[in-house]
Protein chains: 2
Amino acid sequence: MMKKGSVTIKDIALELGISVSTVSRALADNPLVKPATRQAVKELAKKYNYRPNFTALSLRNNRTRTIGIIIPQLVHEFFSMVIRGIEDFAYSNGYNVIISSTHESYEREVIDTKALINGRVDGLLACVSKSTTNYDHFKEFAERNLPLVFFDCICDEIDSPKVVLDDFEAGYQATQHLVETGCTQIAYVGGPINLQINQDRFGGYKKALNEAGLALNESWIKHCETGDYDDGSESVRDMVAARSIDGLFAGTDMLAIGAIKTMKKAGLQIPKDVAVVGFSNWSIGTIYEPSLTTMSQPGYEMGQKAAELLIQQIDNPDKKLTDTFTLHSELIQRESTQR
Amino acid sequence: MMKKGSVTIKDIALELGISVSTVSRALADNPLVKPATRQAVKELAKKYNYRPNFTALSLRNNRTRTIGIIIPQLVHEFFSMVIRGIEDFAYSNGYNVIISSTHESYEREVIDTKALINGRVDGLLACVSKSTTNYDHFKEFAERNLPLVFFDCICDEIDSPKVVLDDFEAGYQATQHLVETGCTQIAYVGGPINLQINQDRFGGYKKALNEAGLALNESWIKHCETGDYDDGSESVRDMVAARSIDGLFAGTDMLAIGAIKTMKKAGLQIPKDVAVVGFSNWSIGTIYEPSLTTMSQPGYEMGQKAAELLIQQIDNPDKKLTDTFTLHSELIQRESTQR
DNA sequence: CCACTAATTACAAACGTTTGCAATGAAGGT
DNA sequence: ACCTTCATTGCAAACGTTTGTAATTAGTGG
């Protein structure tokens, strides 16, 4: 026994002197097989710790019961919540999940997507990376009639369901909160403007300023390359030197904290001199001093919804979905805007 | 054409009026097939964007060229570096990677491990979760002669290669640094003591105290349930109230920061009144004020080494490896111990 | 023009499953 | 004693590949 590694249905059939089909049926509780036989098979299967070979099953059924996730980063509280949402929905519907982290690299995204295109997964959930501008790899996926759902950073050129946050609304709310706090000179510091999500957050900012009758000052607007801490520190240097702003909407909590650090170093007090709103509700925002007002990002819900749409498509290939689902952000008030 | 989704070798054979074996050989550049045929096949393959079916290949070759990772958390700077190390080594050796995050749950770990046991992966890299005390699922894996390598949180009961950090040495170094800084009343706050890594860090702490001739005070020693921020805040409350300590070694940067926050609130100054050393070198340690002295955790190297050992075993199944590889930590000095 | 080799190609088995259909056997009714 | 019926089982195909071996074709030399 145990020729290679695992026991197969064939081994059991051989030992019992019956055919593989009977073994297969017995294990499936098929009433066609005589109770005595069934029991004998099951006992032997348990004894040898038989587990059906995943690959053989996949080939036979032409489905892997696995969904793929293409995501730019893992160490990211938002993405991690998305993954959790996806996993929870997938597991409870009998699906497994394989995650590919592209590390925001276009090349990696292409490689990873193509690695999943050949029958490895039944469908794909994708969040495109910052550096992606060509979507052929996703198109190839879609052309093979493989279900595909985008979330967060989507690709407009492809006709598949999408789950997004209303970043415009969120940007608007964040800025409006600063207005209500009494700010009149409100700066914007955001992530790469080639991403739709950042265009939207910025758009919401502009609308709020406009509605409040506040002027848009170009020197108070920075679109950063990465959206991380160092970018944040850099971005506000000029504004701080000029002592010109009294409010800041940052497209990322890390940007916000980077900016706050620069301002604190320059002797500005937060929120007294400058009120700050971040984005994403990272846990560091509760730990940092001052704690950070921010916009929530319902990652778990986004993941769940995306998984739901994908699995719907997998189970129902003929019915094409193309809806876009929009989730909403909420303001979380903390010290950084508490005047 | 395109009956189901993807083009198969059979479709190409049919269209060209030749046999599947010829097509297969043509695609593999086998010199047996006539150049003209080979070219025709390749052209058609490119035209239809043919990609060999992953599942069929796996079944045929009895290998998936995929390695599995079982890891307690994703949103964790250390684990994420480990994953990167694994991925980089795996990719450059032609392997793919499947990540399963157990969220520190024993049940999830069992499910995930069993999901990988049936020929889905060629081998497994595992870091056992905090809540795991029974290792049968890993044993079953090993009994099937499937290559298995543990990293960081290992399982001693199983005879497979392991890659670990010298947590004892690191705990010793951290504590000794506090001694050198001039601390004489040094507290320890660490994660769950059922984990070997925490026992080791604690062991290093005790050794350093011992060598310095400092007494071990039970009321200065806390083993926390989770090792997160809130645990940190809680853990030092009594010590702070008693104004009894002048140094703290925390088994986690989050514990350290939680503790610092409590101390700051109580009016203590860091590092003047209490010097603090954390563990893991999380990025928040550079952002927080004061910035945090900590012990590095070479996650990338750990991942690389673990992947290397695993792939060695996969490619060389007869040669059993059982070595334990030990990596070393380094002290990173920042403000929290700068007197 | 036949035989012998060399160059191509096709056939079939195998990987581990499931499942439609055929086959076997026994039992029951007449 | 024979036909029917039912319960149980086995055979074979299929999923998409690769590969050893057999078969076909072409080419060469006599």
Side-chain angles (χ1 to χ4, degrees), chain A residues 1-41 44-45 48-66 117-122 144 146, chain B residues 1-41 44-45 48-66 117-122 144 146:
Chain A
M1 59 173 159
M2 294 260 184
K3 39 178 193 184
K4 187 58 190 290
S6 283
V7 177
T8 75
I9 232 176
K10 206 185 273 182
D11 299 324
I12 296 180
L14 213 65
E15 179 156 346
L16 251 43
I18 59 181
S19 73
V20 289
S21 35
T22 304
V23 175
S24 171
R25 275 186 266 256
L27 290 171
D29 276 326
N30 188 319
L32 282 183
V33 358
K34 179 165 61 175
T37 318
R38 190 185 321 173
Q39 210 194 337
V41 168
L44 208 58
Y48 286 155
N49 233 321
Y50 166 77
R51 289 192 203 286
N53 181 288
F54 168 78
T55 309
L57 276 180
S58 302
L59 185 58
R60 169 106 238 284
N61 301 329
N62 210 16
R63 70 185 307 182
T64 59
R65 282 216 158 265
T66 302
I117 217 168
N118 47 5
R120 199 165 199 186
V121 294
D122 295 341
R144 275 179 159 62
L146 281 168
Chain B
M1 59 174 160
M2 293 261 185
K3 42 181 191 180
K4 188 58 191 293
S6 282
V7 177
T8 75
I9 232 175
K10 207 185 273 180
D11 299 324
I12 297 180
L14 214 65
E15 179 156 344
L16 251 43
I18 59 180
S19 75
V20 289
S21 35
T22 304
V23 175
S24 172
R25 276 189 261 255
L27 291 171
D29 276 325
N30 188 318
L32 281 183
V33 358
K34 177 164 61 175
T37 318
R38 190 185 321 174
Q39 209 195 338
V41 168
L44 208 58
Y48 287 154
N49 233 320
Y50 166 78
R51 288 191 204 286
N53 182 287
F54 167 78
T55 310
L57 276 180
S58 302
L59 185 59
R60 170 106 238 283
N61 301 329
N62 210 16
R63 72 185 304 180
T64 58
R65 283 215 158 266
T66 302
I117 217 168
N118 47 5
R120 205 171 191 177
V121 295
D122 296 341
R144 276 179 158 63
L146 281 167

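Chain identifiers are assigned alphabetically (A, B, ...) following the order of the sequence lines, protein sequences preceding nucleic acid strands; residue numbering begins at 1 within each chain. Nothing here was measured: the structure is a model prediction, and the numbers come from that model.
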Take the protein atom [atom1] of [X] and the nucleotide atom [atom2] of [N], then report the distance between them rounded to whole Å.
| X | N | atom1 | atom2 | answer |
| --- | --- | --- | --- | --- |
| A:Leu59 | D:dT18 | CG | P | 13 Å |
| A:Leu16 | D:dG10 | CG | P | 10 Å |
| B:Asn53 | D:dT17 | CG | C1' | 8 Å |
| B:Phe54 | C:dC15 | CZ | P | 19 Å |
| A:Ile9 | C:dT19 | CD1 | C1' | 12 Å |
| B:Leu57 | D:dC15 | CG | C1' | 13 Å |

- Item | Residue whose closest nucleotide on DNA chain C lies nearer the 5' end, A:Arg51 versus B:Gly17 |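 Nearest nucleotide further toward 5': that of B:Gly17.
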- Query: More 5' along DNA chain D: A:Ala56 or A:Thr22, using each one's nearest nucleotide?
  - Reply: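 Going by which nucleotide is closer to the 5' end, it is A:Thr22.
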- Starting at the 5' end of DNA chain D, which residue's closest nucleotide do you reach first, B:Pro52 or A:Ser21?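 Checking each residue's closest nucleotide, the 5'-ward one belongs to A:Ser21.
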- Item | Pairs where residues 31-40 of chain A contributes a residue and the test side chain to side chain donor-acceptor pair (under 3.5 Å) is met, not counting sequence neighbours |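 Qualifying pairs: A:Gln39-A:Glu43.
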- With sequence neighbours excluded, tell me which residues meet side-chain hydrogen bond (donor to acceptor under 3.5 Å, both in side chains) with B:Arg63.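 Result, side-chain hydrogen bond (donor to acceptor under 3.5 Å, both in side chains) vs B:Arg63: B:Tyr95.
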- Query: What residues, two or more places apart in sequence or in another chain, satisfy side-chain hydrogen bond (donor to acceptor under 3.5 Å, both in side chains) together with A:Ser24?
  - Reply: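 For A:Ser24, no residue satisfies side-chain hydrogen bond (donor to acceptor under 3.5 Å, both in side chains) once neighbours in sequence are set aside.
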- Item | Spatial distance of atom OG (A:Ser6) from atom OH (A:Tyr48) [nearest 0.5 Å] |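 A:Ser6 atom OG to A:Tyr48 atom OH measures 13.5 Å (nearest 0.5 Å).
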- Message: Can you pull out the residues from residues 25-39 of chain B that lie within a 4.0 Å heavy-atom distance of DNA chain C?
- Response: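 Of all residues in residues 25-39 of chain B, the ones placing a heavy atom under 4.0 Å from DNA chain C are B:Arg25, B:Leu32, B:Val33, B:Lys34, B:Thr37.
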- Quick one: label A:Tyr50 by what it contacts on the DNA or RNA (base, sugar-phosphate, nothing), any heavy atom closer than 4.0 Å.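 Contact class for A:Tyr50: sugar-phosphate only.
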- So how far off straight is the helix from C:dC1-D:dG30 to C:dT30-D:dA1, going by the axes through five pairs at either end, to 10°?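 Computed angle between terminal axes is 80°.
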- Message: Please enumerate all residues that pass side chain to side chain contact (heavy atoms under 4.5 Å, CB included) together with A:Thr64, with sequence neighbours excluded.
- Response: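 Side chain to side chain contact (heavy atoms under 4.5 Å, CB included) list for A:Thr64, sorted by chain: A:Phe54, A:Ser58, A:Thr66, A:Asp122, B:Thr55.
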